[in-house]
Amino acid sequence: MAASASSVVLLFLLILTLLLVGSTVVTADEGAFVGVNIGTDLSDMPNPTQVVALLKSQNIRHIRLYNADRGMLVALANSGIQNVVAHYPATNITAIAVGYDVLTSIPNAAPVLVNALKFIHSALAASNLDGQIKVSTPLSSSLILDPFPPSNAFFNKSLSTVLVPMLSFLQTTGSYLMLNVYPYYDYMQSNGLILLDYALFKPLPSNKEAVDPNTLLHYTNVFDAAVDAAYFAMLYLNFTNVPVVVTESGWPSKGDSNEPDATMDNANTYNSNLIRHILNNTGTPKHPGIAVSTYIYELYNEDAKSGPLSEKNWGLFDQNGRPIYILHLTGSGSVLANDTTNQTYCTAREDADLKMLQAALDWACGAGKVDCSSLMQGEPCYEPDTVAAHATYAFDTYYHQTGKAPGSCDFNGVAAVTTMDPSHDTCLFNRSQQQHRDKWNIE
């Protein structure tokens with residue numbers, strides 16, 4: 001049946017509001033990945049080259065973009081980072097997400113959503129790209145009603161006329177259900193029924209675990225329960241072969257006075273535990289060992305966002321690439337390398353007062369007992385001959401000499417910890433120096 005004029009307009013709008021998602025279809029034997037979302041509501045957004053440099057330094061190979069910024073797409077080309085763009089194959093295309101929470105944010109577009117998915121898939125098929133690039137649409141977990149116990153979960157029945165053909169499309173094309181899961185909001189809206197430790201993946205005594213009375217499966221965290229609720233909701237509609245990929249999950253590090261649990265410690269705990277949980281291929285109680293790849297929300301704090309303070313503070317890094325907190329991920333591989341102390345550096349702040357910076361540099365090279373001979377003219381770290389560059393070398397050397405002790409990267413507020421290696425040309429900083437020695441077996 002031909003689409004009405006209004007449907008054509010809506011379809012066109014949906015296509016224009018494509019989200020770009022870097023991900024791959026993951027099966028049980030491939031293992032899960034952790035990616036990140038990259039929003040751009042920053043007062044001083046890093047340029048694309050800086051963004052890609054940060055991604056590489058953190059070994060982040062899967063990203064999700066909210067717009068098709070050409071500069072970013074060009075910067076990502078041949079970087080090895082998986083992304084969805086019209087720049088294929090230089091940039092690794094893996095999936096296209098149509099819209100953003102369409103069924104909850106613009107419900108009037110629901111009738112044309114499936115047609116939009118099919119339209120894009122047909123265009124990919126015409127170019128023989130449908131095998132490499134999957135098409136889906138992110139859904140809010142709020143569409144799943146009666147989510148606990150998970151075995152009782154079902155999708156909002158008023159949306160069945162959209163969800164059934166959508167799931168059929170996903171199953172037929174080998175795509176996956178994109179789901180946004182936010183235990184923070186579940187916890188905040190539970191009126192005390194959800195324990196904070198349960199939301200944060202913290203260990204629970206057996207008597208505090210949530211038990212599904214129908215399946216007798218034990219749940220130790222909100223995240224797993226939400227993912228299994230999605231699987232059971234699909235089963236309710238007779239779909240059993242559509243995997244789940246979590247397109248957004250995270251925890252804010254700061255909030256307003258009525259958001260007391262939006263703290264740096266809780267954000268660190270949630271994201272560290274989530275990343276470890278995903279990379280360990282733990283799976284969920286319903287599907288143990290089955291990969292649930294997840295995109296952390298988000299790479300940067302978006303300080304230009306409107307709304308409550310928490311909306312501006314979901315990021316892992318500030319706009320200068322400095323970690324908001326150091327993730328606790330020892331033993332979880334190299335992804336998001338701001339987790340380990342041997343991959344952090346101490347650098348001069350860009351906004352530091354020049355006189356204070358010079359005073360701190362003088363102290364480091366004097367009373368601080370830093371060997372600053374590499375900063376002399378003709379030596380490897382003389383160039384660039386600026387106070388900031390020389391201070392960064394001295395600060396970082398002192399930081400490592402003290403074993404990265406608390407407070408060793410402050411220098412009266414003109415220094416900060418970063419995961420970006422400040423090495424350049426022949427001037428190798430602590431970790432790079434060690435890698436150089438290891439490569440050439442230098443003692």
Side-chain angles (χ1 to χ4, degrees), residues 44 46-47 49-60 75 79 316-327 329-330 334 336-443:
D44 186 15
N47 66 52
T49 301
Q50 292 172 317
V51 175
V52 172
L54 177 60
L55 295 173
K56 286 184 173 181
S57 75
Q58 297 299 304
N59 290 298
I60 297 169
S79 67
L316 299 174
F317 299 88
D318 68 15
Q319 59 195 23
N320 295 311
R322 292 188 290 258
I324 304 301
Y325 43 83
I326 305 299
L327 292 163
L329 296 176
T330 302
S334 59
L336 280 164
N338 80 356
D339 60 318
T340 56
T341 55
N342 67 346
Q343 293 181 2
T344 55
Y345 306 86
C346 183
T347 61
R349 286 184 175 274
E350 292 181 1
D351 57 352
D353 177 83
L354 194 60
K355 289 183 179 179
M356 292 182 66
L357 204 58
Q358 182 66 61
L361 170 60
D362 293 342
W363 182 91
C365 294
K369 299 181 179 179
V370 170
D371 179 2
C372 293
S373 60
S374 291
L375 300 175
M376 302 299 289
Q377 189 168 6
E379 295 301 316
C381 296
Y382 175 73
E383 296 289 349
D385 182 17
T386 65
V387 174
H390 286 193
T392 288
Y393 179 86
F395 293 171
D396 187 68
T397 303
Y398 179 82
Y399 177 59
H400 285 86
Q401 283 180 180
T402 59
K404 302 186 180 179
S408 62
C409 182
D410 181 70
F411 295 92
N412 290 323
V414 297
V417 173
T418 181
T419 58
M420 296 286 286
D421 186 349
S423 298
H424 55 90
D425 301 322
T426 59
C427 182
L428 302 178
F429 281 61
N430 188 273
R431 184 166 177 267
S432 296
Q433 290 173 352
Q434 186 59 52
Q435 290 174 333
H436 179 74
R437 293 188 188 101
D438 291 344
K439 180 178 179 181
W440 299 104
N441 295 316
I442 298 173
E443 295 300 329

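Residues: numbered from 1 along the sequence shown. Since this is a predicted model, take the numbers as computed values, not measurements.
Only one option out of Val370, Val417, Asp410 pairs with Tyr399 in a side-chain contact (heavy atoms from CB on, under 4.5 Å); it is Val417. Between Tyr393 and the options Leu375, Leu361, Thr347, a side-chain contact (heavy atoms from CB on, under 4.5 Å) holds for only Leu375.
In this structure, Asn412 CG and Leu357 CG are separated by 11.0 Å, a value rounded to the nearest 0.5 Å. Remark: Thr49 OG1 to Leu54 CG distance equals 12.5 Å, nearest 0.5 Å.
Side-chain atoms of Gln50 come within 3.5 Å of backbone N or O of Asn47 as a donor-acceptor pair.
Residue His390 comes nearest to Tyr382 through the heavy atom pair NE2-O, 2.8 Å, listed as atom of the first residue, atom of the second, then distance. Across every non-hydrogen atom of Ser408 and Thr402, the tightest pair is CB-OG1, 3.2 Å. Taking each heavy atom of Pro384 and His424 in turn, the nearest pair found is CD-CE1, 3.6 Å. Closest approach of Ala348 and Thr392 over heavy atoms only: N-OG1, 3.0 Å.
More than 12 heavy atoms of other residues, nucleotides or ligands lie within 6.0 Å of CG in Asp353, so this atom counts as buried by the packing criterion.
Contact of the Val387 side chain with the Leu354 side chain is registered, since non-hydrogen atoms from C-beta on lie closer than 4.5 Å.
For Ala360, the side chain to side chain contact (heavy atoms under 4.5 Å, CB included) criterion is met by Phe395, Phe411, Val414, not counting sequence neighbours. Shown here are the side chain to side chain contact (heavy atoms under 4.5 Å, CB included) partners of Ala416, two or more places apart in sequence or in another chain: Arg322, Arg349.
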